[in-house]
Amino acid sequence: MTDPIRVVAALEEIADRLEIRGEAFFKVRAYRRAAQVVSALTEDLALLYQRGELDQLPGIGPALAQKIGDVLTTGTCPLLERLRREVPGGLLDLLALPGIGGKTVGHLWRSLGIENLDALEEAAQAGRLRELPGFGEKKERNVLAAIAGLRRRRERVPLGALRPVALALVEALAAHPAVGRVAMAGSLRRWRETAKDIDLVAAAEDPAPVLDAFSRLEQLDRVVARGETKVSAVLKTGVPLDLRVVRPGAYWTALHHFTGSAEHHVQLRGWASERGFRINEYELLGPDGKPRPVQAEEELYGLLGLAYVPPELREGGGEIEAAAEGSLPRLVSLEDIRGDLHAHTDWTDGAHSLEAMARAAKDRGYQYLAITDHARALAMAGGLDADRLRRQVEAIRRLNETLEGFRLLAGIEANVMADGSLDLEDEVLAELDVVVASVHSHFNQDEATMTRRVIRAMENPHVDLIAHPTGRLLGARDPYAIDVDAVIEAAARTGTALEINAHPDRLDLRDSHARRAREAGVKLAISTDAHHVQHLGLMEYGVGTARRGWVEPGDVLNAMPLDELLAHLGRN
DNA sequence: GCCGTTTTCGGCCCGACTGTTTTCAGTCG
């Protein structure tokens with residue numbers, strides 16, 4: 001039986017290809033909507049199928065139920081296969097270009113015979129796009145810029161796409177009887193926001209059977225190189241991957257070596273050599289030239305007279321000096337997090353009810369969850385106007401009476417309009433526990449205008465924090481032009497917190513900005529922006545990013561217990 | 001393609017913006 005994720009992917013692919021083919025808008029939307037319904041499902045999709053209850057789901061009738069059933073049992077369906085023959089796959093890449101949608105892709109294909117990114121780039125460079133109705137020179141330039149941006153982003157894959165894959169591979173390896181220890185290394189272990197490849201390190205007395213078993217894993221597309229201790233392969237998703245298998249005695253030095261970063265190693269080896277030590281992939285050699293046994297990474301640093309440097313800090317950003325003088329931060333961890341300050345419900349574009357979100361947060365051991373649905377300017381998401389918001393606040397207050405040891409906070413994600421005003425009146429905002437403000441429109445303002453706009457929003461005394469302050473979508477959209485340092489300065493001055501949006505497609509603020517913010521004394525909120533109960537689990541990505549920014553629990557708004565948080569927000 | 005105290009056809013979350021137009025199509029959230 002196929003994974004529900006495959007079903008969602010198939011429905012979305014059908015929608016994309018139908019749209020390119022010029023199919024009726026509402027038909028396309030029916031497939032998109034079905035994909036959303038399936039992905040938000042809390043019941044077991046396969047079970048619903050077996051009971052013949054798929055067409056009970058909202059937006060799913062006999063035709064879609066049939067197709068979902070086909071995909072569940074066979075991995076595909078006749079319509080999808082036909083569309084794959086009729087619509088070139090290269091056109092799907094074009095949909096990822098900002099400013100290009102299904103209709104335009106269809107025109108480009110039918111009028112100019114463009115079937116992929118390269119052909120589009122060539123046509124734009126040759127000035128052939130402006131021949132199309134609705135196209136001009138400016139749009140042609142925008143297309144070229146969009147292609148360049150897409151290429152730049154695709155060199156590295158967002159952490160959120162690779163980490164689960166790496167964890168699954170680690171799990172598969174750990175199950176092998178010959179494997180002692182195994183872990184992911186490289187930039188994934190350092191929680192870097194994107195990665196070029198997956199690095200795994202394992203310990204085994206005899207590497208050969210482990211390498212054999214690994215080479216046969218179904219996730220691999222092909223093995224590129226195979227040596228005594230190493231396999232290089234490419235996953236079916238096209239991501240390169242290295243596994244090294246070393247003898248148990250060399251595991252910790254190998255893990256450390258392959259965790260990096262290169263810059264950290266350069267500095268660490270410099271420090272070590274000044275003290276007569278040498279470090280390589282397999283061992284730590286003392287001033288006497290003899291290897292020192294290393295049973296953990298802590299020991300490696302300890303033998304060199306340094307405090308343990310967590311992987312997230314190993315970037316050559318002053319961590320060696322700090323480890324030497326004992327001034328490394330006590331990094332925030334998942335256990336410090338007491339709640340989540342940015343979440344959506346089915347009152348707007350979230351998948352689940354207030355109660356379901358509250359229960360999920362409570363089950364995670366949280367003390368609180370802020371409901372911050374979209375405000376009215378985000379019309380497509382069903383943004384709340386003052387009346388509906390007040391009704392939601394009432395519903396939250398009522399629900400709180402039934403939730404023991406847990407509190408839903410009534411909030412809003414207000415839109416920062418083009419001029420920096422908000423799309424709800426101050427008197428409404430004053431009734432809320434927490435006000436999150438964010439930019440969802442006019443992304444292409446110049447830097448000065450955008451910066452003034454966000455700062456004006458922070459100057460509103462009701463605004464508690466700015467969500468995803470730079471607006472980027474990893475691998476999809478560059479940040480808008482904004483002077484982050486000016487925003488940090490204004491945040492410090494106005495006492496406004498800045499969000500580290502934990503969604504792995506955002507991670508915004510990014511690590512380096514988070515570090516500058518905390519140094520300026522700005523409070524940070526690590527928030528998931530959950531639109532689904534499962535998104536609450538993305539918190540670890542935000543924490544990873546915060547750790548890379550040297551963030552301590554005391555810097556984090558949602559590391560505060562409820563009463564302290566309410567006092568900080570000025571609401572008791 | 002789905003759906004129905006607007007019920008078997010004719011609707012289907014909506015408003016702003018952009019780049020192209022001279023009244024609008026396409027995109028975005």
Side-chain angles (χ1 to χ4, degrees), chain A residues 10-12 14-38 54-70 77-80 83 94-111 124 129-146 344 346-351 373-385 388 413-419 421 423 438-445 449 467-468 471-473 476-478 480 503 505-506 529 531:
Chain A
L11 292 171
E12 284 172 348
I14 290 172
D16 285 347
R17 289 180 189 264
L18 282 175
E19 192 176 12
I20 292 170
R21 208 177 63 172
E23 200 64 58
F25 170 71
F26 287 108
K27 189 171 179 175
V28 173
R29 208 183 60 179
Y31 281 93
R32 295 241 158 85
R33 187 157 173 241
Q36 237 173 3
V37 168
V38 171
L54 284 178
D55 61 4
Q56 309 289 301
L57 294 169
I60 292 172
L64 272 159
Q66 168 76 42
K67 280 156 191 138
I68 292 170
D70 285 350
C77 70
L79 172 63
L80 180 56
L83 286 169
L94 271 52
L95 288 175
L97 295 168
I100 302 279
K103 295 219 167 109
T104 305
V105 173
H107 283 149
L108 292 166
W109 177 38
R110 282 186 297 274
S111 310
L129 297 188
R130 66 189 76 167
E131 298 161 13
L132 287 179
F135 260 87
E137 271 181 62
K138 190 154 184 187
K139 221 165 182 173
E140 213 166 57
R141 278 200 303 278
N142 288 348
V143 164
L144 283 171
H344 299 268
D346 56 8
W347 283 64
T348 62
D349 61 351
D373 267 314
H374 292 289
R376 65 178 179 195
L378 217 56
M380 157 89 181
L384 305 179
D385 59 21
R388 287 187 67 217
E413 181 178 9
N415 294 289
V416 180
M417 308 308 283
D419 62 357
S421 65
D423 60 340
S438 59
V439 168
H440 283 119
S441 64
H442 303 87
F443 291 125
N444 53 358
Q445 288 178 332
T449 309
H468 42 76
R472 71 172 180 173
L473 292 175
R477 187 175 73 203
D478 287 332
Y480 38 70
H503 196 291
D505 289 342
R506 289 192 181 271
D529 199 354
H531 285 67

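Only this structure's heavy atoms are used, side chains among them; waters, hydrogens and symmetry mates stay out. In what follows, chains carry the letters A, B, and so on, assigned in the order in which the sequence lines appear, proteins first and then strands, with residues in each chain numbered from 1.
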Q: Take atom P in dC3(B) and the same atom in dC13(B), then report the distance between them in whole Å.
A: 12 Å
Q: Please tabulate, for side-chain N and O atoms in residues 99-111 of chain A, each donor-acceptor pair with protein atoms closer than 3.5 Å (sequence neighbours left out).
A:
| unit_1 | atom_1 | unit_2 | atom_2 | d |
| --- | --- | --- | --- | --- |
| R110(A) | NH1 | I20(A) | O | 3.2 |
| S111(A) | OG | H107(A) | O | 3.0 |

Q: Think N444(A) has a side-chain N or O under 4.0 angstrom from the OP1 or OP2 of dT18(B)?
A: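 For N444(A), the contact criterion (side-chain N or O under 4.0 Å from OP1 or OP2 of dT18(B)) is met.
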Q: Rounded to the nearest 0.5 Å, what separation is found between the CZ atom of R376(A) and the OG1 atom of T348(A)?
A: 15.5 Å
Q: With sequence neighbours left out, write down each residue that passes salt bridge (Lys or Arg N to Asp or Glu O under 4.0 Å) with D419(A), or none if nothing qualifies.
A: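 Salt bridge (Lys or Arg N to Asp or Glu O under 4.0 Å) check on D419(A) returns R456(A).
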Q: Not counting sequence neighbours, which residues clear side chain to side chain donor-acceptor pair (under 3.5 Å) with H503(A)? List them please.
A: none
Q: Any chance you could list the contact pattern along nucleotides 21-29 of chain B? Use B for base contacts, S for sugar-phosphate-only contacts and - for none, protein heavy atoms under 4.0 Å, 5' to 3'.
A: -----SSSB
Q: Counting heavy atoms from C-beta on, name the nucleotide in dC2(B), dC12(B), dT18(B) closest to the side chain of R29(A).
A: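 It is dC12(B).
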Q: Which nucleotide, in any strand shown, forms a Watson-Crick or G-U wobble pair with dT8(B), with both distances under 3.5 Å?
A: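 Partner of dT8(B): none found under 3.5 Å.
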Q: Got a sec, which residues hit side chain to side chain donor-acceptor pair (under 3.5 Å) with E140(A), two or more places apart in sequence or on another chain?
A: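 Counting only residues at least two positions away or on another chain, E140(A) forms a side chain to side chain donor-acceptor pair (under 3.5 Å) with R130(A).
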Q: Using atom C1' of each nucleotide, how far apart are dT20(B) and dC24(B) to the nearest Å?
A: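 Each nucleotide's C1' atom is 8 Å from the other's.
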Q: Holding to side chain to side chain contact (heavy atoms under 4.5 Å, CB included), I want the full list of residues that pass it with E23(A), two or more places apart in sequence or in another chain.
A: L18(A), R21(A), K27(A), V28(A)
Q: For atom C1', what is the distance between dA16(B) and dG10(B), given to the nearest Å?
A: 27 Å
Q: For atom C1', what is the distance between dG19(B) and dC12(B), given to the nearest Å?
A: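 About 28 Å, rounded to a whole number of Å.
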